[in-house]
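Let me begin by presenting the structure, written as structure tokens, before commenting on it.
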2 protein chains.
Amino acid sequence: MNKLGEKIEALKVIAHPARIAILEELSQGVKCVSDFQDFLEIRQSNVSQHLSALRHAGLIDYFIDGRLRCYFLKSPFILDLLEIVKKDYPCELPGPDCCPVTKKGTYPGDRRR
Amino acid sequence: MNKLGEKIEALKVIAHPARIAILEELSQGVKCVSDFQDFLEIRQSNVSQHLSALRHAGLIDYFIDGRLRCYFLKSPFILDLLEIVKKDYPCELPGPDCCPVTKKGTYPGDRRR
DNA sequence: TTCATGTATTCAAATATTAGAATATATTAA
DNA sequence: TTAATATATTCTAATATTTGAATACATGAA
């Protein structure tokens, strides 16, 4: 999970409400598929599809206990990501010097205007 | 940038190599469209499209200097995100107790196995 | 005004993602 | 064995994303 391409794949797969919810649930501990169905309002096949996508991206894995497939977090990247997803941010960064109405300002580079 | 939906939109728009590259460039300071073309190997129209997507997600904004459109970072969320995208992570989290070969383990919940 | 440059928009084609339905597989219990 | 439960897979339709080509628009220079 240290090559840029892998991280981009991870971001792509994470950028979905059901999958964020699954990952947050998993950050609390091991869960089986039926556990996810209890709080996600989607079909079982769809839960499986999301789990499969997360697994193929290397973000989660599972073990088996009887009939239950027990999923757990595998990627440390996810923990940091979930943290900033939950974190509160100020609305905007302090911007560069420019007029918010006319949108005029000064280009700092050496290119011809 | 504090509602979950907005963050998910942001993740979706960020999960693309060209857009990550644009954002990393912008984390260094203000750049105009031609600056991006110098290091991205994509067409001008495509650069504009990516910038437009980033802007609509509220991640960047621009000011104008003559003929140049000068873009800058607007969302503090991006800075944290770029940081974890660049950060190195250990391969895997310490997993729960289970056999890596048979994939057997014990479900911690109270559901019937 | 005209020309050149910087940038955005529109359109279309290729490709990818998403979700439901139906079905398949695996395991436990009876 | 059979039945029931837990989960995965396959297929399909709808929708979204991505890109290039062409074109439009805006500004500064001549």
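A note on names: the letters A, B, ... follow the listed sequences, proteins ahead of strands, and every chain is numbered from 1.
- Checking the phosphate oxygens (OP1, OP2) of dA8(C), a side-chain nitrogen or oxygen of Y71(B) falls inside 4.0 Å.
- Here the straight-line distance linking atom NZ of K103(A) with atom SG of C98(A) works out to 8.0 Å at 0.5 Å rounding.
- Going from atom CD of E9(A) over to atom P of dA16(C) covers 11 Å, rounded to whole Å.
- Taking only side-chain nitrogens and oxygens, R69(A) comes nearer than 4.0 Å to OP1 or OP2 of dA8(D).
- Nearest nucleotide to the side chain of L51(A), out of dA8(D), dA19(C), dG28(D): dA8(D).
- When the P atom of dC25(D) is taken as reference, atom CD1 of I64(B) falls 16 Å away, rounded to whole Å.
- Here the P atom of nucleotide dT7(D) and the CD1 atom of I22(A) are 12 Å apart, to the nearest Å.
- Proximity of Q37(B) to R43(B): side-chain heavy atoms (C-beta onward) are nowhere separated by under 4.5 Å.
- Of the side-chain N and O atoms in H50(A), none sit less than 4.0 angstrom from OP1 or OP2 of dT18(C).
- Contact annotation for R55(B): no contact, since no heavy-atom pair falls under 4.0 Å across all strands.
- To the nearest angstrom, C1' of dA4(C) lies 14 Å from CG of L68(B).
- In the model, D35(B) has no side-chain atom that pairs as donor or acceptor with a side-chain atom of Y71(B) under 3.5 Å.
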Please evaluate residues I20(A) and E24(A) with respect to the criterion side-chain contact (heavy atoms from CB on, under 4.5 Å), reporting the C-alpha separation (whole Å), side-chain torsions for both, the decisive distance (0.1 Å), and the verdict.
CA-CA 6 Å; I20(A) 289 268; E24(A) 294 209 321; 4.1 Å; yes

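- Residues from residues 32-49 of chain A placing a heavy atom under 4.0 Å of any atom in DNA chain C, listed by number, are R43(A), S45(A), N46(A), Q49(A).
- Put simply, CD1 on I20(A) is 17 Å from C1' on dT18(C), counting in whole angstrom units.
- Of the side-chain N and O atoms in H56(A), none sit less than 4.0 angstrom from OP1 or OP2 of dT9(D).
- When the nearest nucleotides of DNA chain C are assigned to D65(A) and K12(A) by heavy-atom distance, the more 5′-ward of the two goes with K12(A).
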L11(B)/L81(B) under side-chain contact (heavy atoms from CB on, under 4.5 Å): CA gap, chis, key distance, verdict
CA-CA 9 Å; L11(B) 290 176; L81(B) 195 94; 3.7 Å; yes

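- Applying the 4.0 Å criterion to OP1 and OP2 of dT18(D), one finds that R19(B) has a side-chain N or O inside that range.
- Taking atom CD1 of residue I8(A) and atom P of nucleotide dA16(C), one finds them 16 Å apart after rounding to whole Å.
- A straight line from CZ of R111(B) to P of dT28(C) spans 16 Å, rounded to a whole angstrom.
- Between H50(A) and H16(A), the ring planes are tilted. Angles from 30° to 60° get that label.
- Minimum atom distance to the side chain of S52(B) is reached by dT9(C), of the listed dA8(D), dG6(C), dT9(C).
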Go through the steps to decide whether C70(A) and Y62(A) satisfy the test side-chain contact (heavy atoms from CB on, under 4.5 Å), and finish with yes or no.
CA-CA 5 Å; C70(A) 305; Y62(A) 66 88; 5.7 Å; no

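- The SG atom of C32(A) sits 12.5 Å away from atom CD1 of I64(A), with the distance rounded to the nearest 0.5 Å.
- Residue whose closest nucleotide on DNA chain D sits further toward the 5' end, between R112(B) and Y62(A): R112(B).
- Of the two residues near DNA chain C, G66(A) and R67(B), the one whose nearest nucleotide lies more 5' is R67(B).
- What separates CG of D61(B) from P of dA8(C) is a distance of 12 Å, to the nearest Å.
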